[in-house]
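Only one structure is covered here, and it is reproduced in the block below.
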Amino acid sequence: MDLNFSKNLLTWYDKNGRELPWRIKNYGGMQNLAPDPYSVWLSEIMLQQTVVATVKDYYAKFTKKWPTVQDLAAADQDEVLTAWAGLGYYARARNLHKCAQYICDEFNGQFPKTETELLTLPGVGPYTAAAISSIAFNQKANVVDGNVERIFSRVDKLEEKLPAAKKQIYEIAQKYLPKKRFGDYAQALMDLGATVCKPKNPRCETCPVSRFCTLSGDENVQFYPKKTPKKPKKQLKAHIFWVENAQKDQVLLQKRAEKGLLGNMMEFPSTNWLDQDLAAQNIGQNLGEVIHIFTHIKLVLKVWKIQQSQLQQVAEAGFAINLQENKKWVNIGKLDEFALPSLMQKIRKLAEG
DNA sequence: AAATCGGGGCT
DNA sequence: AGCCCAGATTT
């Protein structure tokens with residue numbers, strides 16, 4: 001394979017690579033610098049299916065609160081989930097904490113450098129193992145994320161759709177790997193995808209590897225990679241309740257089940273989420289509706305503010321509120337101390353005004 | 001191979 | 001109103 005591909009890309013990266021909090025650019029490969037594995041791992045987990053702009057504040061918060069993997073391992077899971085709240089995909093946070101403890105217990109606090117060992121870590125899959133191995137340890141690894149898939153599907157004008165084309169893309173990417181600067185090369189590819197080889201309106205005229213690309217400058221480049229159509233979202237509805245105590249200084253909060261949607265995160269009590277129209281309800285104060293879009297669900301919640309003394313009436317009216325054993329009264333002024341996902345922050349905002 | 005799992009930013 | 005994102009895990 002033509003090594004000028006990686007050479008051109010790395011030259012471009014040295015000039016145009018983004019400055020990111022978790023990144024130490026190894027200019028020209030001469031400084032032999034690398035970010036520490038904890039920083040790389042933490043940032044890579046946060047960046048899974050999440051844009052750089054969203055990650056920055058969370059990365060700063062985590063590294064300040066837990067500067068080392070030992071600090072993170074020693075935290076309570078609820079603390080980690082509270083810090084992660086709003087970032088989404090909460091299995092990442094649960095696995096992050098589990099992984100930190102695993103690194104401390106089984107690897108003496110040191111991240112392994114091989115992809116094979118990294119793949120044994122909770123929350124670390126093929127992409128993240130390759131990314132950590134190359135970026136933190138400069139090991140040769142084929143780092144294929146959504147950016148890289150887009151780039152090479154365009155380079156070879158692949159007609160096969162994702163995700164079926166993944167294997168073929170991986171093999172193409174493998175052929176272009178450089179002989180050194182593996183971490184820089186991986187990050188260069190991802191920067192190229194983020195700033196030049198974009199999904200829409202790619203900037204082929206500034207692309208450092210345009211001469212290798214079948215679709216460079218083609219009007220149809222934006223239609224690659226081809227993808228299988230998505231299924232429509234299920235639409236679910238429910239009532240949700242902001243339940244105040246008599247003094248109106250506390251609200252009812254409970255922890256969700258460990259597994260599944262928003263696992264181990266906190267919630268306000270609600271009826272079951274059902275694919276049915278909502279029954280009439282005239283107890284307490286209606287605050288309106290909250291519409292929340294998950295990856296595969298469109299959820300419509302009708303929000304009610306009720307008093308603790310009205311809970312019995314709501315039950316008698318036939319509304320099964322999912323009150324759990326772990327429910328507790330929480331000072332409204334201290335809600336920030338709990339792991340409230342964005343959906344529940346919407347409810348809170350509606351209730352607090 | 002398909003489904004699950006968040007949220008926000010961009011077009 | 002979709003599409004996309006430095007994907008992993010479960011089914």
Side-chain angles (χ1 to χ4, degrees), chain A residues 17-18 20-23 35 39-59 81 84-96 98-99 118-136 141-151 161-167 170 173 183 185-195 197-202 222-223 225-234 256-265 291-299 339-346:
Chain A
R18 293 175 293 178
L20 301 175
W22 47 85
R23 173 181 291 179
S39 301
V40 175
W41 164 71
L42 176 62
S43 63
E44 289 299 342
I45 300 298
M46 288 184 166
L47 285 162
Q48 289 168 4
Q49 295 293 286
T50 309
V51 294
V52 166
T54 302
V55 165
K56 281 182 176 172
D57 287 347
Y58 284 89
Y59 179 81
L81 291 178
W84 195 277
L87 196 53
Y89 282 161
Y90 297 100
R92 290 186 296 171
R94 302 193 298 273
N95 282 329
L96 184 85
K98 192 186 305 180
C99 182
L118 288 162
L119 271 174
T120 68
L121 305 177
V124 175
Y127 161 77
T128 306
I132 297 173
S133 183
S134 65
I135 297 172
N142 194 5
V143 182
V144 181
D145 73 330
N147 291 300
V148 179
E149 287 179 347
R150 184 169 57 254
I151 291 168
K161 295 173 181 160
L162 286 173
K166 279 178 180 290
K167 183 175 181 182
Y170 187 89
Y185 175 79
Q187 296 180 89
L189 270 179
M190 293 188 280
D191 276 14
L192 187 76
T195 64
C197 197
K198 298 180 294 183
K200 305 294 181 187
N201 306 315
Q222 63 179 310
F223 300 115
K226 310 245 175 176
K227 299 196 172 183
T228 56
K230 299 179 180 178
K231 293 182 64 177
K233 298 181 195 302
K234 280 187 293 187
R256 292 175 58 82
E258 178 179 7
K259 295 187 176 181
L261 189 66
L262 309 177
N264 271 356
M265 300 295 284
I291 298 175
H292 194 76
I293 310 293
F294 293 109
T295 303
H296 57 296
I297 298 170
K298 176 182 178 181
L299 181 63
L340 292 173
S342 292
L343 164 61
M344 298 302 158
Q345 292 287 5
K346 289 184 184 176

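Every heavy atom of this structure was used, including side-chain atoms; hydrogens, water molecules and symmetry mates were not. Chain letters run A, B, ... following the sequence lines, proteins first, then strands; residues in each count from 1.
Per the geometry, CE belonging to M344(A) stands 11 Å off P belonging to dG6(B), to the nearest Å. In this structure, Q345(A) atom CD and dG7(B) atom P are separated by 10 Å, rounded to whole Å. A straight line from NZ of K166(A) to P of dA2(B) spans 13 Å, rounded to a whole angstrom. Counting to the nearest Å, the C1' atom of dT4(B) and the CD1 atom of I297(A) are 9 Å from each other. Distance, Q49(A) CD to dG6(B) P: 13 Å, rounded to whole Å. A straight line from NZ of K233(A) to C1' of dC5(B) spans 11 Å, rounded to a whole angstrom. Note: CD (E258(A)) to P (dT4(B)) measures 20 Å, nearest angstrom. In this structure, the NZ atom of K234(A) is 13 Å from the P atom of dG6(B), given to the nearest Å.
Side-chain contact between C197(A) and N147(A) is absent, with no heavy-atom pair separated by less than 4.5 Å. Counting heavy atoms from C-beta outward, T128(A) and I45(A) have side chains that approach closer than 4.5 Å. In this structure, P126(A) and Y170(A) have side chains that are not in contact, with every pair of non-hydrogen atoms separated by 4.5 Å or more. Using a 4.5 Å heavy-atom threshold, the side chains of T54(A) and L87(A) count as touching. Here the side chains of F294(A) and L299(A) are in contact, with some heavy-atom distance below 4.5 Å. Proximity of V148(A) to V143(A): side-chain heavy atoms (C-beta onward) are nowhere separated by under 4.5 Å.
Other residues, nucleotides and ligands place more than 12 heavy atoms under 6.0 Å from the NZ atom of K233(A).
In 5' to 3' order, the nucleotides of DNA chain C bounding all contacts with chain A (an atom under 4.0 Å from a heavy atom) are dC4(C) to dT9(C).
Remark: H296(A) is in phosphate contact with dC5(B), judged by side-chain N or O atoms under 4.0 Å from OP1 or OP2.
Heavy atoms of G193(A) sit nowhere under 4.0 angstrom from any nucleic acid atom. Within 4.0 Å of F294(A), counting heavy atoms only, lie sugar-phosphate atoms of the nucleic acid but no base atom. As judged by a 4.0 angstrom heavy-atom cut-off over every strand, L20(A) is placed among the base-contacting residues. Using a 4.0 Å heavy-atom cutoff across all strands shown, S43(A) reaches no nucleic acid atom at all. If you check every strand for non-hydrogen atoms under 4.0 Å, P341(A) touches sugar and phosphate atoms only. Among the heavy atoms of the strands lying under 4.0 Å from V124(A) are primed sugar atoms or P, OP1, OP2 only; no base atom is included. Looking at heavy-atom distances under 4.0 Å, W22(A) makes contact with a base. Among the atoms of the strands shown, none is found under 4.0 Å from any heavy atom of R94(A).
Considering every non-hydrogen atom in both R23(A) and G17(A), the closest pair reads NH1-C, 4.1 Å. Of all heavy-atom pairs spanning Y58(A) and A85(A), the tightest one is OH-O, 2.9 Å.
Look at the P atom in both dT11(C) and dG6(B): the space between them is 15 Å, to the nearest Å. Look at the P atom in both dT4(B) and dA6(C): the space between them is 24 Å, to the nearest Å.
Remark on DNA chain B: of its neighbouring residues A164(A) and G88(A), the 5'-side contact belongs to A164(A), judged by nearest-heavy-atom nucleotide.
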Measure all distances between protein nitrogen or oxygen atoms and nitrogen or oxygen atoms of nucleotides 8-11 of chain B, and list the pairs falling under 3.5 Å.
| residue | atom | partner | partner atom | Å |
| --- | --- | --- | --- | --- |
| dG8(B) | OP1 | S342(A) | OG | 3.4 |

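Applying the salt bridge (Lys or Arg N to Asp or Glu O under 4.0 Å) rule to K198(A) yields no partners; only residues at least two apart in sequence or on another chain are considered.
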